[in-house]
**Q** 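Below is the structure I would like to discuss, written out as structure tokens.
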2 protein chains.
Amino acid sequence: MCLKEYVQRYISLSEEEYAVFLSYLETKSFAPGTRLLAYEERCQSRFYIKKGCVRMYGYTEKGKEQIYHFGIDNWWISNYESLLNDTPSQLVIEAIEPTEVYCLTSDKFEQLCQQLPKTERLFRRIMERAYMAFQKRLEFLFSLSSEEQYRHFIEVNAAFTQRVPQYMLASYLGVTPEFISKIRSKM
Amino acid sequence: MCLKEYVQRYISLSEEEYAVFLSYLETKSFAPGTRLLAYEERCQSRFYIKKGCVRMYGYTEKGKEQIYHFGIDNWWISNYESLLNDTPSQLVIEAIEPTEVYCLTSDKFEQLCQQLPKTERLFRRIMERAYMAFQKRLEFLFSLSSEEQYRHFIEVNAAFTQRVPQYMLASYLGVTPEFISKIRSKM
DNA sequence: GAATATTCTTAATCTAGATTAAGAAGCAAA
DNA sequence: TTTGCTTCTTAATCTAGATTAAGAATATTC
């Protein structure tokens, strides 16, 4: 699926309108381990991942990396706290695989909304879906044991599981790699 | 703060436009213990809480109530999974205090967006803030111990803490009432 | 194809917070 | 002012998952 198909699922755009939309996006590439958003950098963009895989992580009190999100093909990702409040980001967005993204800066975003007001609707609906996914994630977090969460995750996200190392998955789920290893040995 | 002020923080509206906006909203009142959204009902509305306090909860595998959200004055609340997919809600929204809300049904919402396209921008921005708050909550959830989460919550949400019983707060934080009691005895 | 760095596994021990069980406050009705 | 609810507290015991410490696979580099 390409961005055009993705957008068409939320709003309908003519060829001309889509061309306008595209003109506000900038393509960028990132090698594994490089950062889309650095620690303490002000987040200025929303990223649409054309192809690849990224993780968004912060640091716990003891300085350990804690992964909060992954992003793969056809996902938008950004640090909204930093983006909306223009504050230094406490979160890092880093490529895991070679990753190609469309980058939409806040400035361009505002201009785009003016030139193509449908953009508001597009992002209103994207945000609703993202919020819904979050609400769902919270439900799993509170209603399932760590083992159940792991089993559920790899079931729903089979493809994904191949793409990130197990210890990152453990971090995302809020457990230790040793614990995942223990579950796997039972399966 | 009233709804008008709330809306003005996101978009600017003339008197006439605000009147149009209001005309799509329906006022409803709920006594403590009554439900804005029942279990397995299809969620058809977004609720803006004018005054009062509600909780949104589901059930764990063992049938225990698990609170996922609270809503108080000037918050929007809805079950987006049920709202967007038109599926029976696994979550209940219930008044804790006498609560008065504006109710915006999906039908009315679509009409409103057509008549007053600025509404898209309003809700795009509301959803971004809501998503941001969620992102922040997840950070606390993963980076703080249960005790730290409790201390942080009552610090940031002092007023709130008076309005809901301790056992509901425990549920929201994902701990037992006994554990909260233990922390409090230390303070 | 050895050397080095990453990632994963196994097993013993430990701990934050759950569970269970009682009882103590608080509060409403009558 | 007693009866009956609902909420909160205390304390003993238990457990899911963490921590620690080795070692075993697996990749990567030269």
**Q** According to salt bridge (charged side-chain N to carboxylate O under 4.0 Å, His left out), does anything in residues 9-25 of chain B pair up with another residue at least two apart or in another chain? List the pairs.
**A** B:K4-B:E15, B:E17-B:K118

**Q** Mind checking what makes side chain to side chain donor-acceptor pair (under 3.5 Å) contact with B:Q111, not counting sequence neighbours?
**A** none

**Q** At under 4.0 Å between heavy atoms, which parts of nucleotides 5-20 of chain C does protein reach? Answer with one letter per nucleotide, 5' to 3': B base, S sugar-phosphate only, - none.
**A** --SSBB------SSBB

**Q** Hey, what else clusters with A:L144 if you join Ile, Leu, Val, Met, Phe, Trp, Tyr whenever side-chain heavy atoms sit under 4.5 Å?
**A** A:F140

**Q** Check residues 37-49 of chain B and write down every donor-acceptor pair under 3.5 Å in which the side-chain atom is one partner and the other belongs to a residue at least two apart or another chain.
**A**
| unit_1 | atom_1 | unit_2 | atom_2 | d |
| --- | --- | --- | --- | --- |
| B:Y39 | OH | B:Q90 | NE2 | 3.0 |
| B:E41 | OE1 | B:A38 | N | 2.8 |
| B:R42 | NH1 | B:D86 | O | 2.6 |
| B:R46 | NH1 | A:E128 | OE2 | 2.8 |
| B:R46 | NH2 | A:E128 | OE2 | 3.3 |
| B:Y48 | OH | B:N74 | OD1 | 2.7 |

**Q** Quick test of your reading: applying side-chain hydrogen bond (donor to acceptor under 3.5 Å, both in side chains), list the pairs with at least one residue in residues 60-72 of chain B, sequence neighbours left out, ordered by first then second residue.
**A** B:R55-B:E65

